Amino acid sequence: MDLELTDDQQLYLETTVRFIESELPVARTRALHDDPRGYDEKWLRKTAELGWFAMLVPEEHGGGSVSGHGILDAAIVAEALGRYVQPGPFIPMNVVAAAIAEHGTSEQQASILPGIVAGEVVVTWAPLDVDGQWDLGRGLVAEVDGDEVVLTGVRGFVQDAQSADHLLVTASCDGEPLQLLVPAGAAHITPLTCLDLTRRMAEVTFDHARVPSATRLASDVRDALERQEQVAVALCCAETIGALDTMFSMTVAYSKDRVAFGRPIGSFQSLKHVMADVSYYLECCKAAAVEAARAVDSRSSDAAEVTTMAASYIAEHATEIAQQSLQVHGGIGYTWEHDLHLYMRRTRTNSTLYGEPALHRERLCEVHGL
């Protein structure tokens, strides 16, 4: 993405890429496909040393970002993660860190945020129902019982719940949403099969689980959820761009190297037209992702509108870009050994992770009161 990086941001990007290439390049991620956790704990702590989970956390809790624009700096990392189809809970960790920093109690901030920044405490985000829809917590019922909250219900498609220490769950209490930062041990976690082999998803079930009332976030949940969704969507869009850009670069390189009828296949007019169209849509997707990151970072009044537009546009065209890249590769693109399917899995998963394009278009209508 063209974020017009400062010198410090450019250095941070280069450092991030060098770290990924040395610690966990794409070829090495394949060894983690069958790992129940999906990533190595030591690797996660190393990523924390680079500030991957500090960018949306205030300095008084050990956080801070390179440029002072946390969302933009996080988008830089997210794009790099997409380029190398990295595993791990980068997006949910940052969403929860930002939520605690902005809406958590002072006790939650003091006890949880330093561990998140250091990569010693893993947190994840559970706002969706069992079908992966936004439900304002209606699928998880909360009842206040003295100094405790009793939780009954399900949260669906929770990323990296298997390795999390705490879950930021959205529930419903007397018809109103609330959020609680609950210990993962209070829930029954059922692993799900994910199309993206580098990701771990789970269904989280609470059966009259009792958690302290102190686990509740302090402020208005609707505003908090809106902000969390914007952060998640902006970072997800940036990650998708990294994967799409790499996929397209692979396709262009292959079209130049693959020879048929005595000439590179990229010289044939039909493929030229395909790749010209793909290049155009990719550049439009990049522009949408940049605008989404900037709107969320600046807390623009139209951030909700911009993020929903970016999410729907990028998700729709990501599928087309991936399919056209596969067609240009031909038979080799269908093989397990080729990396193309890893990127196709990532972009397809991202396009549904926080809502299908139709859901975002519906949300755009709601923003405008339609």
Side-chain angles (χ1 to χ4, degrees), residues 1-3 5-35 37-56 64-67 70-95 97 116-120 122 124 159-160 163 194 196-200 232 234-251 253 286 289-290 293 318 337-347 349-350 353:
M1 301 187 299
D2 184 13
L3 283 171
L5 304 183
T6 65
D7 291 341
D8 287 340
Q9 287 176 320
Q10 183 62 43
L11 178 61
Y12 187 49
L13 172 60
E14 292 170 359
T15 302
T16 296
V17 170
R18 283 198 301 270
F19 170 80
I20 293 173
E21 290 179 339
S22 64
E23 292 288 333
L24 198 59
V26 176
R28 210 174 297 169
T29 63
R30 289 174 175 263
L32 296 170
H33 288 175
D34 296 322
D35 187 294
R37 189 184 188 94
Y39 62 89
D40 183 80
E41 292 180 68
K42 294 180 179 178
W43 169 83
L44 188 72
R45 291 193 181 98
K46 288 180 180 179
T47 68
E49 292 174 2
L50 293 177
W52 285 15
F53 309 117
M55 291 172 279
L56 306 182
S65 63
V66 172
S67 67
I71 297 295
L72 299 184
D73 293 341
I76 293 170
V77 176
E79 185 180 10
L81 299 184
R83 289 186 183 279
Y84 294 89
V85 284
Q86 295 290 282
F90 176 78
I91 293 178
M93 284 269 282
N94 275 286
V95 170
I116 295 175
V117 170
E120 297 170 352
V122 177
T124 192
Q159 184 177 339
D160 291 295
S163 59
C194 186
D196 185 343
L197 301 175
T198 65
R199 284 221 173 100
R200 298 294 174 267
L235 296 183
C236 188
C237 286
E239 187 184 84
T240 300
I241 292 302
L244 289 176
D245 203 30
T246 301
M247 195 187 312
F248 183 60
S249 296
M250 292 166 57
T251 303
K286 290 179 181 179
V290 168
E337 292 76 14
H338 201 282
D339 287 339
L340 186 67
H341 73 98
L342 302 178
Y343 291 93
M344 295 184 71
R345 291 170 183 270
R346 173 59 61 92
T347 56
T349 302
N350 279 5
L353 194 56

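Given the structure is predicted, the values throughout are model-derived calculations rather than measurements.
The closest side-chain donor-acceptor pair between Thr198 and Arg346 falls under 3.5 angstrom.
Between Tyr39 and Leu24 the shortest side-chain heavy-atom distance does not fall below 4.5 Å. Between Cys194 and Thr349 the shortest side-chain heavy-atom distance falls below 4.5 Å. At least one side-chain heavy atom of Phe53 sits under 4.5 Å from a side-chain heavy atom of Leu44. Taking the side chain as every heavy atom from C-beta outward, Val17 and Tyr84 approach each other to under 4.5 Å. Here the side chains of Phe19 and Glu49 are not in contact, with every heavy-atom distance at 4.5 Å or above. Within the 4.5 Å cutoff, no side-chain heavy atoms of Asp8 are placed close to those of Ser67. Residues Tyr12 and Thr16 form a side-chain contact, since some pair of their non-hydrogen atoms from C-beta on lies under 4.5 Å apart. At a threshold of 4.5 Å between non-hydrogen side-chain atoms, the residues Met247 and Thr347 count as touching.
Put simply, the side chain of Glu239 never gets that close to the backbone of Cys237: no donor and acceptor are under 3.5 Å apart. Side chain of Arg199 to main chain of Gly38: no donor-acceptor pair is present (N/O by atom type, distance under 3.5 Å, no hydrogens or angles). No donor-acceptor pair under 3.5 Å is formed between the side chain of Asp73 and the backbone N or O of Ser65. At distances below 3.5 Å, not a single donor-acceptor pair connects side-chain atoms of Asp245 with backbone N or O atoms of Ile241. Checked by atom type and distance alone, the side chain of Gln9 pairs as donor or acceptor with a backbone atom of Thr6 at under 3.5 Å.
Ring pair Trp43/Trp52 is perpendicular by interplanar angle, where above 60° counts as perpendicular and below 30° as parallel.
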Please assess Arg200 against Asp35 for the test salt bridge (charged side-chain N to carboxylate O under 4.0 Å, His left out), listing each intermediate value before the final yes or no. CA-CA 9 Å; Arg200 298 294 174 267; Asp35 187 294; 5.6 Å; no
Would Lys46 and Glu23 count as a salt bridge (charged side-chain N to carboxylate O under 4.0 Å, His left out) here? Give the steps. CA-CA 9 Å; Lys46 288 180 180 179; Glu23 292 288 333; 3.4 Å; yes
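Between Asn350 atom CG and Arg345 atom CZ the span is 14.0 Å, to the nearest 0.5 Å.
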